[in-house]
Enquirer: 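Dropping the structure in here first, questions after.
These numbers come from a predicted model, not from an experiment. Residue numbers start from 1 in every chain, and the chains themselves are labelled A, B, ... in the order their sequence lines are given, proteins ahead of strands. Because only heavy atoms are used, hydrogens play no part in the values below, and waters and symmetry mates are left out as well, while side chains stay in.
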Protein chains: 2
Amino acid sequence: MSPPQDRGRAPSIRDVARLAEVSHQTVSRVLNDHPSIRPETRERVLQAMETLQYRPNRAARTLVTSRSNTIGVLAALSTTYGPATSIAAIEDAAREHGYHVNTANLADTSPAGIADAIEHLMLQAIEGLVVIAPQVRVFEVLAASSIGVPFVSLQSTGRRDHLALSVDQVTGARRATQHLIGLGHREIVHLAGPQDWIEAEARMRGFLEAIDDAELGLHPPILGDWTADFGYYAGSELVRRRDFTAVFAANDEMAIGLMHAFRDAGLDVPGDVSVVGFDDIPVAKHVAPTLTTVYQDFHEIGRRAVALLLNQVHGAERIEVEDIVPRLVVRGSTAPVAVRPASVAR
Amino acid sequence: MSPPQDRGRAPSIRDVARLAEVSHQTVSRVLNDHPSIRPETRERVLQAMETLQYRPNRAARTLVTSRSNTIGVLAALSTTYGPATSIAAIEDAAREHGYHVNTANLADTSPAGIADAIEHLMLQAIEGLVVIAPQVRVFEVLAASSIGVPFVSLQSTGRRDHLALSVDQVTGARRATQHLIGLGHREIVHLAGPQDWIEAEARMRGFLEAIDDAELGLHPPILGDWTADFGYYAGSELVRRRDFTAVFAANDEMAIGLMHAFRDAGLDVPGDVSVVGFDDIPVAKHVAPTLTTVYQDFHEIGRRAVALLLNQVHGAERIEVEDIVPRLVVRGSTAPVAVRPASVAR
DNA sequence: GACAGCGATGTGAACGTGCACATCCGGATC
DNA sequence: GATCCGGATGTGCACGTTCACATCGCTGTC
């Protein structure tokens, strides 16, 4: 009934060999799908494994092959929807390829904290690294610590020391801004993310390009921290000025906080102010008003990151990386600019 | 300038020993903080490590000690706020204890999918397992596959084969329901989670207890899938009946979808219907209306899970596990029952 | 001054696997 | 029938670390 007592050590390749009456090397061959092995022998070995409940010892294998079959993930803000979804996708994809995933969070974004997280991952002897929701600083530390394994960034960084998925955040942000401009808005404020985040910088750039293209005046962007709470705070400050008719927030959480502040101040969205977010988190389509935003396929991003990384790990030729272009999703938080701008209400 | 070429293998303990002119065992002692080592010797060894950029090989260590310093996390729905936050907390806590974390997602919740995920983790030779957002089935599979390592559940399961944090979901749900009752609501619907989820079952139980205590009539609960989209769907169905004045949703996402549907149907929250959620996700306080919900400290839950698990891994005596009782947070989505219930509006 | 005791260090084996190489066997080739 | 070849299998070692045990010298005790 119950499995054989695990007295002492787990069964090894040699225990299996003894039971199957072959050499340990034959067992090893069965494990690694070596071609030249008689079907009959293979069967006997598999049988023995089954009986002994044999599980290969990854540590031993790693030791001799110096391949850990593990990739690392360096994630910041891993509790938010986007990164969390990408991480999950990375795990799924890695598992499909027989790889394990080891995650380290960047709770502390100081260089020391970053170095610490990287060091932690390196101890695990990872073969490659995926960097999620990356800050500029992370790549500086990575470059400085010469980790000796390939790494992939989920965002284009412009650096040459690693590959990056090119998710065209700039275009996404530009489209969001152009949408507002198309609705007649001319006084648009950007609620940006922290500028040491590559994504935040790209989104800001897209915003600026669109503003520039349309030859509109520039409101100084507000630098936020991605949180809904900050969005609320920024909104409360903004309503004092009311010299704008639309806000493009760098992510949905901030947009939602923003709308909250506007609501509290008696401003109507989208009647008085239009709001656009970024990411299309699952609740975006259900908040009031439903949020116009830019959709990103985080799952696909995670999958591609793994494909790209493993390709590099195995030293194959460079694979094609097509751009992922985020898609504008128009919902209820944007509307044509009011005849009299909100500023008049002052 | 650049570090020494990594020609061939990485430096080993023996390379360090040679450079420091000691035996390899002395180096090992320095690594493991062995007490009897002369400070001067230690210094020399550390110096040598520094020069060689030595990093201990975890595979070799694991092989000989049969301790992997890795714990596994089996997570479902890891992209949502609660699980993601707990996972992050688990990683932080594990790292503090020198442990690595290996995560496997439960994309597929069939027994085969579950067994597959567990098998994947076991290949990694994990020392313990944390099960997040657990479904009943997971524990059945775990019991059946006799994984041989301790595991900890983030929710009380009533099973005896593992430890569980006791987060008192029942009390949390009861308080939420009592809050509605206290406001005069007598027709309360519960939008539950999938009943094979332990949390969903506990929240439903708390709801039923509160209804029972107050001797109210029972509306058959609606079984949802945790998503905001389902909340919207359920809300659309519910508005056809309008035989209720309040809804207690098993999580915030569903509550937000629900409110969306009510809004679309012209029902006012909380004027016509009160809504309570569960979890207190970051946007809960910013949606319109702000959502009354039950706060859970996911971070603390993750931390405690690691403490509990490592304690068990190290075979220490059982540690005290105090209950974590979720806290009701009253916001704008609940109000005293209207003089004429929504049903009259029919 | 002999001996126990302890601090500081060294020696060899073992962990479980894969690799390089050796061996054995049957069939094809001449 | 001697030779070669390749499929199927076995033998020993190496990977980098820790563990058990041994060694050496110094101090304190009687």
Enquirer: Can you check the A:D15 CG to C:dC15 P distance for me, whole Å?
Expert: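 Going from A:D15 (CG) to C:dC15 (P), I get 10 Å.
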Enquirer: Is it true that the side chains of A:S36 and A:H34 contain a donor and an acceptor less than 3.5 Å apart?
Expert: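 There is such a pair between these side chains.
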Enquirer: On the nucleotide C:dG18, are OP1 or OP2 found under 4.0 Å from the side-chain N or O atoms that A:S28 carries?
Expert: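 Checking A:S28 against C:dG18: at least one side-chain N or O falls below 4.0 Å of OP1 or OP2.
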Enquirer: Looking across every strand, which nucleic acid part, if any, lies under 4.0 Å from A:S66 by heavy atom: base, sugar-phosphate, or nothing?
Expert: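 Counting heavy atoms under 4.0 Å across all strands, no contact is made by A:S66.
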Enquirer: Starting the side chain at C-beta, find the nucleotide from D:dC19, C:dG16, C:dT9 nearest to B:Q25.
Expert: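 From the listed options, D:dC19 comes nearest.
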Enquirer: Could B:R304 and B:E300 be called an ion pair, given the rule that one side-chain N must be under 4.0 Å from one carboxylate O?
Expert: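 The answer is yes: the pair qualifies as a salt bridge.
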Enquirer: How long is the line joining CZ of B:R67 and P of C:dC15, in whole Å?
Expert: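 Rounding to the nearest Å, CZ of B:R67 and P of C:dC15 are 19 Å apart.
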Enquirer: The side chain of A:R29 is closest to which nucleotide in this list: D:dT18, D:dT9, C:dT9?
Expert: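 Nearest nucleotide to the side chain: D:dT9.
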Enquirer: In whole Å, what is the span from the CD1 atom of B:I13 to the P atom of D:dA14?
Expert: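 Between P of D:dA14 and CD1 of B:I13: 18 Å.
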Enquirer: Within the structure, does a side-chain N or O atom of B:S12 lie under 4.0 Å from either OP1 or OP2 of D:dG16?
Expert: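 Answer no for this pair, as no side-chain N or O of B:S12 is under 4.0 Å from OP1 or OP2.
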Enquirer: Checking all strands, does A:L63 fall into the base, sugar-phosphate, or nothing category for heavy-atom contacts under 4.0 angstrom?
Expert: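 Base contact.
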Enquirer: Rounding to a whole Å, what distance do you find between A:R42:CZ and D:dG7:P?
Expert: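 Taking atom P of D:dG7 as the reference, CZ of A:R42 is at 15 Å.
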Enquirer: Figure out the CZ/C1' separation between A:R58 and C:dG18, and round it to whole Å.
Expert: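 So the two atoms are 15 Å apart, to the nearest Å.
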Enquirer: Return the minimal non-hydrogen interatomic distance between B:A94 and B:V101, and the atom names on each side.
Expert: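 Residues B:A94 and B:V101, closest heavy atoms: CB-CG2, 3.5 Å.
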Enquirer: Is it the case that atom CD in B:E21 sees more than 12 heavy atoms from other parts of the structure closer than 6.0 Å?
Expert: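 No, CD of B:E21 has 12 or fewer neighbouring heavy atoms, counting only those of other groups under 6.0 Å.
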Enquirer: Among C:dT9, C:dT17, C:dG12, which nucleotide sits nearest the side chain of B:H24?
Expert: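 Looking only at side-chain atoms, B:H24 lies closest to C:dG12.
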Enquirer: In this structure, how many angstroms lie between the C1' atom of D:dT18 and the NE2 atom of B:H34, rounded?
Expert: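 That distance rounds to 12 Å.
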Enquirer: Would you say a side-chain N or O of A:R61 is under 4.0 Å from OP1 or OP2 of C:dG18?
Expert: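 Looking at the OP1 and OP2 atoms of C:dG18, one of them is under 4.0 Å from a side-chain N or O of A:R61.
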Enquirer: Tell me which nucleotide among D:dG10, D:dT18, C:dG10 gets nearest to the side chain of B:V22.
Expert: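 It is C:dG10.
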Enquirer: Looking at side-chain heavy atoms only, is the closest gap between A:R303 and A:E96 below 4.5 Å?
Expert: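 Yes, at least one pair of side-chain atoms sits under 4.5 Å.
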Enquirer: Closest-nucleotide mapping onto DNA chain C: is B:V64 or B:T26 further toward the 5' terminus? I mean the 5' end.
Expert: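 In this pair, the answer is B:T26.
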Enquirer: If we count only N and O atoms by modelled type, under 3.5 Å, do the side chains of A:N102 and A:T70 hold a donor and an acceptor together?
Expert: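 No donor-acceptor contact under 3.5 Å links the two side chains.
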Enquirer: Using whole Å, what does the distance between atom P of nucleotide D:dG16 and atom CG of A:L123 come to?
Expert: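 Going from A:L123 (CG) to D:dG16 (P), I get 16 Å.
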Enquirer: Taking only the side-chain heavy atoms of A:A60 (C-beta and beyond), determine which of C:dG16, D:dA20, D:dG16 contains the nearest atom.
Expert: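 Looking only at heavy atoms from C-beta outward on A:A60, the closest nucleotide is C:dG16.
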Enquirer: Mapping A:R14 and B:N32 to their closest nucleotides on DNA chain D, which lands nearer the 5' end?
Expert: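 The residue closer to the strand's 5' end, by nearest nucleotide, is A:R14.
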Enquirer: Would you indicate what B:T65 reaches in the nucleic acid, counting non-hydrogen atoms under 4.0 angstrom: base, sugar-phosphate, or nothing?
Expert: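 It contacts sugar-phosphate atoms only.
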Enquirer: Taking atom C1' of C:dT11 as reference, at what distance in whole Å does atom CZ of B:R18 sit?
Expert: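 Spelled out: CZ on B:R18 to C1' on C:dT11 is 16 Å.
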Enquirer: Identify which nucleotide among C:dG18, C:dG16, D:dT9 has an atom closest to any side-chain atom of A:S36, counting heavy atoms from C-beta outward.
Expert: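 The listed nucleotide nearest to A:S36's side chain is D:dT9.
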